[in-house]
Amino acid sequence: MSHALHRPSKLDFNAPSEVVANALIGMTLTVDGVGGRIVETEAYDRDDPASHSFGGPTLRNAAMFGPPGRVYVYRSYGIHWCLNFVCREEGHGAGVLIRAIEPTDGLERMRHRRGLDDLRLLCAGPGRVAQALGVDARFNGHALDAPPFVLRDAAHGGAAVVVEAGPRIGITKAADVPWRFGEKGSRFLSKPFRAGAVLSPG
DNA sequence: CTAGTGATCCGCT
DNA sequence: GCGGATCACTAGA
């Protein structure tokens with residue numbers, strides 16, 4: 001069978017956000033040494049009613065319109081923080097929401113921040129990811145290739161990642177756009193994917 | 001497993 | 001004022 005999306009071997013934040021969102025699955029993100037493997041992402045773009053950038057630049061979404069490869073952090077429902085990576089060229093307004101991570105580094109710090117032992121729930125959701133990694137508004141606009149962030153590709157020789165896609169979660173506009181990506185079969189997803197959306201071979 | 005609900009803030013209309 | 005890229009919790013199938 002053929003595959004609906006090309007899965008690039010190298011990460012390029014100038015690429016469209018849905019390409020970056022796909023490529024990020026399986027990569028490792030740490031903040032000050034705390035984090036793990038990215039297992040779930042969502043893409044948002046400028047011409048996308050569900051995106052914070054849809055209405056054009058504002059004070060809140062300014063980082064989304066800044067240079068790619070930086071971080072956009074916003075407050076969700078007045079309670080949580082959510083972590084995004086900026087994509088496309090400067091001024092475009094595209095990003096990828098980091099929705100779930102398989103915890104591997106700094107487990108005890110994550111457990112302490114989350115007040116929770118259960119590994120499966122430490123980073124299973126965008127608010128949980130930010131809390132576990134200690135991400136808040138202070139990081140808005142920071143570059144991903146500078147401390148305390150470390151983003152690296154899967155270890156050489158690691159098993160190929162099988163990525164599946166489906167509708168994004170928690171939105172009401174453009175809810176049918178299949179820009180949610182996740183590692184097939186991961187137990188660390190914020191929610192399971194419905195069957196039948198495998199995109200890349202493993 | 002799914003569905004409903006309260007918490008709690010700020011950007012925007 | 002409104003409502004959201006959420007979470008934790010409860011109740012019920």
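Everything numeric here is computed off the predicted structure, so don't read it as measured data. Labels below follow one simple rule: chain letters A, B, ... track the order of the sequence lines, proteins then strands, and each chain is numbered from 1. Only heavy atoms go into these numbers, but all of them, side chains included; no hydrogens, no water, no symmetry mates.
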Pairing partner of B/dC12 (Watson-Crick or G-U wobble, both distances under 3.5 Å): C/dG1
Phosphate-side-chain proximity, A/Arg180 and C/dA5, N/O vs OP1/OP2 below 4.0 Å: no
A/Tyr77-B/dA7 aromatic stacking (under 5.5 Å, under 30°): no
Out of B/dT8, B/dG11, C/dA5, whichever nucleotide has its closest atom nearest the side chain of A/Ile79: B/dT8
A/Asp47 CG: over 12 foreign heavy atoms closer than 6.0 Å: no
Touch class at under 4.0 angstrom, heavy-atom based, for A/Asn84 against every strand present: base
Spacing between A/Lys191 atom NZ and C/dC7 atom C1', to the nearest angstrom: 11 Å
Student check: side-chain heavy atoms of A/Asn84 and A/Tyr74 closer than 4.5 Å: yes
Between C/dA8 and B/dC10 - C1' atom distance, rounded Å: 22 Å
Gap separating the CG atom of A/Leu189 from the CD atom of A/Glu102, nearest 0.5 angstrom: 10.0 Å
Sugar-phosphate, base or nothing in reach of A/Arg60, heavy atoms under 4.0 Å: sugar-phosphate
Watson-Crick or G-U counterpart of C/dA11, or none if no pair lies under 3.5 Å: B/dT2
Gap separating the CD atom of A/Glu89 from the CZ atom of A/Phe65, nearest 0.5 angstrom: 11.0 Å
Distance, rounded to the nearest Å, where A/Asp118 contributes CG and C/dA8 contributes C1': 13 Å
Length of the line joining A/Ile169:CD1 and B/dT2:P, which is rounded to integer Å: 11 Å
Closest nucleotide among C/dA5, B/dG11, C/dT6 to the A/Ser51 side chain: C/dA5
Worked verdict on A/Arg37 versus A/Glu183 for side-chain contact (heavy atoms from CB on, under 4.5 Å): CA-CA 10 Å; A/Arg37 294 179 64 245; A/Glu183 178 177 16; 3.0 Å; yes
Value in whole Å for how far the C1' atom of B/dT8 lies from CH2 of A/Trp81: 12 Å
Closest to the A/Pro126 side chain, choosing from B/dC12, B/dT8, C/dC7: C/dC7
Between B/dC12 (C1') and A/Lys173 (NZ): distance, integer Å: 11 Å
Nearest-angstrom distance, P atom, B/dT13 to C/dA5: 14 Å
Under 4.0 angstrom between A/Arg75 side-chain N/O and C/dT6 OP1 or OP2: no
A/His80, nearest nucleotide to its side chain (from C/dA5, B/dA7, C/dC7): C/dC7
Spacing of A/Asp176 atom CG relative to C/dA5 atom P, expressed in whole Å: 16 Å
Integer-rounded Å distance: B/dG11 C1' and A/Tyr74 OH: 14 Å
Atom pair distance, as rounded to whole Å: CG in A/Leu189 and P in C/dC7: 13 Å
Stepwise side chain to side chain donor-acceptor pair (under 3.5 Å) test for A/Gln131 and A/Arg113: CA-CA 7 Å; A/Gln131 187 183 22; A/Arg113 285 166 173 162; over 6 Å; no
Under 4.0 angstrom between A/Arg114 side-chain N/O and C/dA8 OP1 or OP2: yes
Sugar-phosphate, base or nothing in reach of A/Ile171, heavy atoms under 4.0 Å: sugar-phosphate
Candidate nucleotides C/dA5, C/dC7, B/dT8, ranked by approach to the side chain of A/Arg128 - the nearest: C/dC7
